[in-house]
Amino acid sequence: MDRTFPLEMCRNIGIIAHIDAGKTTTTERILFYTGKTYKIGSVDDGTTVTDWMAQERERGITIVSASVTAEWKGYQINIIDTPGHIDFTAEVQRSLRVLDGGVVVFDAVQGVEPQSETVWRQADRYKVPRICFVNKMDRVGASFDRSIASIIDRLGAFPIAMQLPIGSESAFVGVIDLVEMKAIYWEDQEGREPIIREIPSELLESAQIAREQMIEKAAEVDDNLIEKYLEGQEITTQELKTSLRQSVLESKATLVFCGSSLRNKGVQPVLDAVIDFLPSPLDIPPVTGTLVNTDEVIELHPIDSEPLAALVFKIVTDPYVGRLAYFRVYSGKMIVGNTVINPVKGKKERVGRLIRMYADRREDVESIPAGDIGAILGLKFSFTGETLCDASKPVVLESISFPEPVISIAIEPKTTADQDKMGEALRRLSEEDPTFRVNTDEATGQTVISGMGELHLDVLVDRMMREFNVKANVGRPRVSYRETVQNAVKNVSYKYVKQSGGHGQYGHVVFDIEPLSRGGGVIFEVKIVGGTVPKEYFKAIENGVREAAESGALAGYPVTDIKVTLVDGSYHEVDSSEMAFKMAGVFGFKEAYQKGKPVLLEPIMKVEVVMPEDYLGDVLGQLNSRRSEIQGMDVRPGNTQAVHAMVPMAEMFGYATELRSGTQGRGVFSMEFDHYAPVSETVARRILNY
């Protein structure tokens with residue numbers, strides 16, 4: 001199939017935001033105005049296109065990112081609607097990895113919220129240019145100016161207001177376009193046809209001031225524009241648009257628009273902005289990959305005639321067609337019937353069926369060209385973060401890293417018949433979700449599943465029971481603790497010696513260990529001088545160390561934030577082997593670890609609680625009883641207060657119910673994982689039961 005749209009007329013964008021800012025509602029309006037749907041879907045009624053799972057419609061939240069393709073003014077727009085809840089942050093992370101641009105949606109009353117900060121940092125990490133849409137301008141307490149101020153204060157960004165709202169709260173009727181200096185109104189119920197008029201006389205002066213500020217800010221980040229601005233020359237609309245687009249592409253500025261998606265106001269200008277200001281695949285820097293045989297780093301360009309290189313960024317188990325793999329093509333073309341290879345695993349995969357996704361509906365296509373996003377059916381070996389490429393030029397693209405799970409529950413099948421079904425269901429769900437882990441507790445023999453939060457595990461268990469018809473008993477949530485050392489230890493020697501008939505086993509290692517700063521993981525280094533241990537055994541020793549670090553000495557939790565350095569050792573020409581040195585690594589690490597004064601670490605959550613001011617004292621009391629560390633408070637519109645705190649994950653179980661009862665249902669909270677911190681001795685005794 002030939003390319004339908006020229007590459008410069010394609011946009012790959014994500015809709016990203018805090019939970020309940022209006023991402024899915026905005027996506028629904030985009031689909032309606034681009035002619036993809038003929039009826040506006042509602043989150044409250046469970047009739048949206050992108051929230052198609054039963055669990056999403058029941059809860060009124062997005063759980064999995066959904067991909068849809070739409071057309072607007074001759075451009076193709078691939079849109080990914082992402083979740084806003086922190087438990088599903090992996091969905092945002094993998095979507096941002098393959099997107100070229102983003103639309104960040106903010107609630108006009110709340111401004112920047114905790115998860116807004118998280119997705120903003122993720123977008124920074126992947127260098128994704130973005131524009132902002134301040135939604136819910138019709139709500140009581142909405143403020144466009146305050147939302148922009150919060151973007152500066154909390155995100156450290158450089159926002160440029162592209163519009164002014166006409167009216168506020170229930171009187172919000174339209175916007176002033178500061179580039180064209182026109183007023184845009186939406187008067188029909190569905191907001192199909194924006195009505196363009198002259199700016200009302202009472203708003204003309206403030207619009208001129210705002211336009212002057214917009215030009216001044218644009219000139220600040222564009223050397224070409226600043227000369228004309230300082231010399232007082234006329235800046236044309238086209239010059240202004242070109243300058244603003246370049247500022248967005250270079251992530252120097254973020255353009256801000258406003259509207260109310262639920263009231264069908266302000267969505268079409270955002271679509272225009274996606275085309276005018278966000279990048280096509282040609283505008284982003286070339287993606288780099290590593291050639292398999294030479295480790296040479298090469299640039300990949302979005303050209304159909306080049307050898308294929310594509311990244312799998314999401315796996316979905318479809319009950320009707322099987323396993324779907326979403327992918328982004330960075331160079332070349334994915335064609336039905338071709339054979340591609342997975343260079344990470346050295347496996348061949350046949351391209352059986354290619355699909356252009358429309359949320360849970362699909363359209364078969366013959367090929368997916370460079371710069372485009374599609375799905376492939378029937379892959380056997382390839383999973384999230386892995387590359388598919390042409391056998392003539394095997395290249396590995398940078399994978400996607402995901403956060404570690406922070407909460408676990410035990411799960412067991414109700415009957416013997418459910419045993420096999422549960423194993424298969426958990427395998428498929430863990431293939432889909434890289435932050436979902438399944439393992440067996442060796443002490444109890446129980447199956448333990450781990451994830452990013454209570455809601456995350458609740459949804460996965462619900463899916464297992466519904467989609468795979470598995471009946472199971474679920475235990476209480478447990479926190480995923482970690483262990484580390486407090487003291488550095490030098491020259492811990494361990495000899496692994498076994499003698500029996502024939503060859504024996506001999507491995508001798510000497511380790512230094514030291515604690516690392518939080519988030520350091522496990523680092524293994526070799527500083528041997530003089531070849532006392534041959535190089536071929538280094539990998540075996542490292543494998544032994546990492547295996548031993550999976551369960552610490554205090555309570556068997558994984559060890560983290562530790563550096564192990566191999567400084568000396570010895571070997572035997574006959575009896576030494578990889579296995580002997582691996583075992584020396586295991587026992588040598590355990591011995592050194594015991595001497596480093598092990599300590600238990602617990603996950604600390606960053607919590608924000610928003611409630612009416614009358615309940616502030618009660619909320620602070622609740623938080624203090626949960627070992628919280630209050631970070632600060634700020635006043636919000638509508639006589640409400642926001643409290644920011646750091647609270648141990650273990651103390652947050654059941655907090656939602658306590659907050660509701662303590663604030664008559666008017667308090668809400670959000671939390672996200674922040675860091676691991678040592679627990680006090682009193683708490684450690686309680687956790688370890690001694």
Side-chain angles (χ1 to χ4, degrees), residues 51-59 62-67 83 87-91 93-95 311-327 342 344-345 347 349-353 355 357 359-362 374-386 388 399-400 402-405 407-441 446-453 455-475:
D51 283 358
W52 53 272
M53 285 170 63
Q55 290 84 354
E56 293 179 310
R57 291 185 168 176
E58 286 169 7
R59 290 170 169 81
T62 302
I63 291 170
V64 296
S65 51
S67 174
D87 283 15
F88 309 105
T89 189
E91 289 287 332
Q93 204 146 324
R94 58 180 164 196
S95 300
L311 184 75
V312 176
F313 68 94
K314 181 177 166 70
I315 299 289
V316 175
T317 302
D318 190 295
Y320 303 108
V321 295
R323 191 150 65 85
L324 273 172
Y326 285 74
F327 63 91
N342 177 334
V344 176
K345 293 179 176 165
K347 298 280 190 180
E349 298 268 25
R350 187 175 178 279
V351 183
R353 188 174 163 197
I355 294 163
M357 292 305 297
D360 63 332
R361 305 209 292 278
R362 54 194 72 81
I376 189 169
L377 195 63
L379 294 184
K380 293 178 180 174
F381 310 107
S382 303
F383 296 97
T384 301
E386 294 180 351
L388 297 173
S399 190
I400 311 169
F402 295 102
E404 289 292 312
I407 185 172
S408 305
I409 56 173
I411 187 166
E412 59 184 33
K414 282 191 174 175
T415 66
T416 313
D418 288 313
Q419 179 81 49
D420 292 340
K421 284 198 291 183
M422 188 178 92
E424 176 63 15
L426 292 176
R427 183 185 67 79
R428 289 204 193 175
L429 290 170
S430 61
E431 284 177 358
E432 283 189 28
D433 188 344
T435 58
F436 176 56
R437 306 280 167 79
V438 183
N439 53 48
T440 304
D441 188 320
Q446 287 179 307
T447 300
V448 177
I449 59 175
S450 307
M452 299 305 297
L455 180 62
H456 186 204
L457 293 181
D458 185 32
V459 166
L460 287 165
V461 169
D462 190 31
R463 285 188 61 195
M464 183 183 76
M465 292 177 174
R466 286 195 203 190
E467 292 174 27
F468 300 95
N469 199 25
V470 176
K471 293 178 175 63
N473 296 317
V474 181

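These values consider heavy atoms only, across backbone and side chains, with no hydrogens, waters or symmetry-generated copies.
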(request) Could you tell me whether the side chains of N342 and E349 share a donor-acceptor contact shorter than 3.5 Å? (result) no
From [atom1] ([X]) to [atom2] ([Y]), nearest 0.5 Å:
{"X": "S95", "Y": "K314", "atom1": "OG", "atom2": "NZ", "value": "7.0 Å"}
{"X": "F381", "Y": "L388", "atom1": "CZ", "atom2": "CG", "value": "12.0 Å"}
{"X": "I315", "Y": "T384", "atom1": "CD1", "atom2": "OG1", "value": "5.0 Å"}
{"X": "H456", "Y": "S450", "atom1": "NE2", "atom2": "OG", "value": "10.5 Å"}
{"X": "E432", "Y": "L324", "atom1": "CD", "atom2": "CG", "value": "9.5 Å"}
{"X": "L311", "Y": "I400", "atom1": "CG", "atom2": "CD1", "value": "5.0 Å"}

(message) Is it the case that atom NZ in K347 sees more than 12 heavy atoms from other parts of the structure closer than 6.0 Å?
(response) no
Could you tell me whether the side chain of [Y] reaches within less than 4.5 Å of the side chain of [X], counting heavy atoms only?
{"X": "I449", "Y": "F436", "result": "yes"}
{"X": "L426", "Y": "T447", "result": "yes"}
{"X": "M422", "Y": "I411", "result": "yes"}
{"X": "V438", "Y": "R427", "result": "no"}
{"X": "K345", "Y": "F383", "result": "yes"}
{"X": "V448", "Y": "I409", "result": "no"}
{"X": "M465", "Y": "V461", "result": "yes"}

(request) Evaluate the criterion side-chain contact (heavy atoms from CB on, under 4.5 Å) for residue pair V351 and I376; output intermediate values, then yes/no. (result) CA-CA 7 Å; V351 183; I376 189 169; 3.6 Å; yes
(message) So which atom in G451 and which in L457 form the shortest heavy-atom distance, rounded to 0.1 Å?
(response) N-CD2, 3.6 Å
(request) For residues L460 and L429, report the shortest heavy-atom separation together with the two atoms involved. (result) O-CD1, 3.7 Å
(request) Could I get the full list of salt bridge (Lys or Arg N to Asp or Glu O under 4.0 Å) partners for R350, not counting sequence neighbours? (result) none
(request) Flag the pair E424 and K421 as a salt bridge only when some basic side-chain nitrogen lies within less than 4.0 angstrom of an acidic carboxylate oxygen. (result) no
Table please: side-chain donor-acceptor pairs of residues 468-475 below 3.5 Å, with sequence neighbours left out.
none

(request) Using modelled atom types only, decide if a donor and an acceptor are shared between the side chain of S399 and the backbone of G385 within a distance under 3.5 Å. (result) yes
